[in-house]
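Report on one structure; see the data block that follows.
Start at 1 and go down the list; that is how both ligands and their atoms are numbered.
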Amino acid sequence: MSIAEVIEGARSAGRTVLTEVESKQVLEDAGLPIASTRLARDAAEAAKLAAEAGFPVVLKIVSPDITHKSDAGGVKVALASAEEVTAAYDEIVAAARRYDSDAKIEGVAVQKMAPQGTEVIIGMSKDPQFGPVLMFGLGGILVEVLKDVAFRIVPLEPKDAAAMVREIKGFPVLEGVRGQDPSDIAALEKLILQLSEFAEAHPEVDEIDLNPVFAYKDGCLAVDARIVVS
Ligand code: ADP
Ligand code: MG
């Protein structure tokens, strides 16, 4: 499915928010480093997709009515066998129903468990005056409490991506502190530029959240994605 088809499918279902599976498919097709994710509609299909992806896997609720999947008990990580996956499928769906009994549940997203990296957030939103704007910050408490983020107007040039990454107060974390591996800053800059190009090429996209992106010594990978279309 092309991006236009994915967006059209969501719109015809009356949605402007793409699911994690849809959002990741679109961004992966555009060449961004995204953890491949597939939709399972029942526990047996989840076990089959998990075996294809390779254990351990992560399972997450897929519902247009649930934005913060963890809050709904809708994320289970480090599932190491088909048995664990089938049990997790049922637990996730049950937790989601407890969280919101009216939520429409499409199924569960299955993806390979990525090694832990340094968590960063990369996003795009639209400013009424400046149009599409990219945001970069460290993940977790630093971005939520300290608002330690950098913004740039689309389109970005390589020097903008480089400056943006270096501008946050938490930049030393990416350079590697206390014996931690340094993050692949060039890979993060490349992802920022890819997102800028994607936003330019798709004016119908209003918002993108990659939260978190895991930054590694070599490369980076977005493990959660959310796209909002107009
Ligand atoms: P939400 O933000 O909707 O609660 P996420 O998809 O961000 O859900 O998942 C919650 C957390 O689970 C992430 O912040 C990350 O730490 C972990 N996680 C999610 N997907 C993966 C994955 N594929 N590999 C490893 N960890 C993951
Ligand atoms: Mg997330």
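Judged by distance alone, the side chains of Thr19 and Glu106 never bring a donor and an acceptor atom under 3.5 Å apart.
By the neighbour-count criterion of 12 heavy atoms within 6.0 Å, atom CZ of Arg166 is densely surrounded, having more than that number from other residues, nucleotides or ligands.
Ligand 1 has a nitrogen or oxygen under 3.5 angstrom from a nitrogen or oxygen of Ser70. For ligand 1, one of its N or O atoms has an N or O atom of Lys69 under 3.5 Å away. Taking any N or O of Pro212, backbone or side chain, none lies under 3.5 Å from an N or O belonging to ligand 1. Note: no N/O pair closer than 3.5 Å links Glu20 and ligand 1 by distance alone.
Residue contacts with ligand 1: Lys112 is included, with a non-hydrogen atom under 4.0 Å away.
Salt bridge Arg15/Glu22: present, at least one basic N to carboxylate O contact under 4.0 Å. Salt bridge Asp209/Arg226: present, at least one basic N to carboxylate O contact under 4.0 Å.
Annotation: the span from Asp102 atom CG to Arg97 atom CZ amounts to 11.0 Å, rounded to 0.5 Å.
Under a 3.5 Å cut-off, the side chain of Lys126 and the backbone N or O of Val205 do form a donor-acceptor pair.
The nearest N, O or S atom of Asp224 is closer to the Mg ion (ligand 2) than 2.8 Å. Not a single N, O or S atom of Ser70, from either the backbone or the side chain, sits less than 2.8 Å from the Mg ion (ligand 2).
Using a 4.0 Å cut-off between heavy atoms, Val223 contacts ligand 1 through both its backbone and its side chain.
The protein heavy-atom contact nearest to atom 24 (N) of ligand 1 is Ala114 N, 2.8 Å. Looking at atom 12 (O) of ligand 1, its nearest protein heavy atom turns out to be Val75 CG1, 4.0 Å.
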